[in-house]
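Below: the structure, in structure tokens.
Just follow the structure's listing: the first ligand is 1, and inside any ligand the first atom is 1. Only a predicted model underlies this, so the values are computations on that prediction, with no experimental measurement involved. Basis for what follows: all heavy atoms, side chains included, without hydrogens, waters or symmetry-related copies.
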Amino acid sequence: MSVAEKKTTSDERLAKLVLALRSQGVTDPAVLSAIEKTPRELFVPELFQERSFEDSALPIACGQTISQPFIVGLMTQALTIEPRARILEIGTGSGYQTAVLSRLARLVYTVERYRTLLGEAETRFKALQLTNVITKFGDGGEGWAEQAPFDRILVTAAAPSEPKKLLAQLKPSGVLVAPIGKGPVQKLIRYAGDGRGGFVSETLCEVRFVPLLDGVAKEL
Ligand code: SAH
């Protein structure tokens, strides 16, 4: 297949995926357009290329996963992002969710505990010319105190309980979305600041994420 033909097929498959997400409730046009502009095949390992446009999570290096597109859409929509927003993302992984966020916000700060994953994600951000993404190798459970407070925070690994340290780095009227729970199935929770230091929390659905682990990874 020629490069041009390959491009047409991936465009078509991406358009189909976007339609499927819309029918499942990801209806925000800005979110759908951000997903449409993000070539998922660039974030998926060679071995799983064929499945880049399936609506499923797929394995990446270091025993981690690239999130399911529907969940990426749902989480992004739940964040209610304004164009001027500064967002903190915990768990860069492949960088796919980061890239989607970067199309919607002014700045995206992203933290990953595996050097290998972070390095690969940085290469992708460069290739896609996503100049509003700022990366950090570290323990995302600690947030990013020097850059706080954030308008929005997205956690893409499951926190065992309410992430108090991260909530403390959110603006008073900010929004944090995170999978919460200790088991293989967690609750996706949206915390919305009430402007007075408190939060209103809402459970969106059940999800399956890899756990948010303490500290940075010793292995590469
Ligand atoms: N958003 C990613 C999904 C990655 S899976 C994507 O679209 O590809 C979750 C990621 O969170 C993994 O890469 C894992 O290494 C990372 N992670 C887990 N605990 C972490 C922590 N304490 N700090 C930073 N990253 C963490």
Side-chain angles (χ1 to χ4, degrees), residues 17 21 26 31 34-35 37-45 48-49 51-79 87-105 108-125 128 130 133-145 147 150 152-166 169 176-182 184 186 188 207-220:
L17 174 63
L21 300 194
V26 182
V31 172
I35 290 175
K37 279 190 216 142
T38 309
R40 193 167 185 255
E41 72 273 25
L42 298 188
F43 296 84
V44 167
F48 298 103
Q49 278 302 302
R51 300 182 56 193
S52 301
F53 299 104
E54 277 179 21
D55 189 19
S56 56
L58 293 168
I60 56 174
C62 307
Q64 305 303 313
T65 49
I66 172 171
S67 308
Q68 179 191 351
F70 170 62
I71 298 298
V72 169
L74 201 70
M75 287 174 117
T76 309
Q77 180 164 279
L79 279 178
I87 305 185
L88 173 66
E89 181 198 30
I90 307 304
T92 317
S94 68
Y96 177 65
Q97 169 78 72
T98 323
V100 171
L101 295 175
S102 81
R103 309 268 186 204
L104 297 162
V108 183
Y109 296 83
T110 185
V111 186
E112 172 56 54
R113 66 187 289 282
Y114 277 100
R115 283 190 194 279
T116 309
L117 292 177
L118 193 65
E120 289 174 1
E122 284 167 346
T123 306
R124 296 177 181 123
F125 301 149
L128 291 170
L130 304 178
V133 175
I134 301 144
T135 59
K136 175 164 126 169
F137 168 68
D139 178 1
E142 301 294 324
W144 196 326
Q147 299 294 345
F150 297 94
R152 300 290 184 263
I153 300 181
L154 180 60
V155 188
T156 73
S161 58
E162 189 174 276
K164 294 205 169 62
K165 274 192 190 162
L166 297 177
Q169 295 185 12
L176 178 149
V177 172
I180 309 287
K182 293 191 177 87
Q186 309 96 30
L188 185 63
V207 284
R208 289 173 170 270
F209 272 86
V210 294
L212 184 76
L213 299 173
D214 281 337
V216 294
K218 296 208 174 53
E219 59 275 44
L220 281 176

Under a 4.5 Å cut-off applied to non-hydrogen side-chain atoms, are [X] and [Y] in contact?
X	Y	result
Leu88	Gln169	yes
Thr92	Leu117	no
Val72	Tyr96	yes

Dump all N/O pairs between ligand 1 and the protein below 3.5 Å as a table: atom names plus distance, one pair per row.
from	atom 1	to	atom 2	distance (Å)
ligand 1	1 (N)	Gly91	O	3.3
ligand 1	1 (N)	Thr156	OG1	3.2
ligand 1	7 (O)	Gln97	N	3.3
ligand 1	8 (O)	Ser94	N	3.1
ligand 1	8 (O)	Ser94	OG	2.6
ligand 1	13 (O)	Glu112	OE1	2.8
ligand 1	13 (O)	Glu112	OE2	3.4
ligand 1	15 (O)	Glu112	OE2	2.7
ligand 1	19 (N)	Leu213	N	3.0
ligand 1	22 (N)	Asp139	OD1	2.8
ligand 1	22 (N)	Leu213	O	2.6
ligand 1	23 (N)	Gly140	N	2.7
ligand 1	25 (N)	Arg113	N	3.4

Could you go step by step and tell me if Glu41 and Ser52 meet the side-chain hydrogen bond (donor to acceptor under 3.5 Å, both in side chains) rule? CA-CA 5 Å; Glu41 72 273 25; Ser52 301; 5.5 Å; no
Check against side-chain hydrogen bond (donor to acceptor under 3.5 Å, both in side chains), Thr156 and Gln97: CA-CA 9 Å; Thr156 73; Gln97 169 78 72; over 6 Å; no
Output all residues satisfying salt bridge (Lys or Arg N to Asp or Glu O under 4.0 Å) with Arg208, sequence neighbours left out; order by chain, then residue number. none
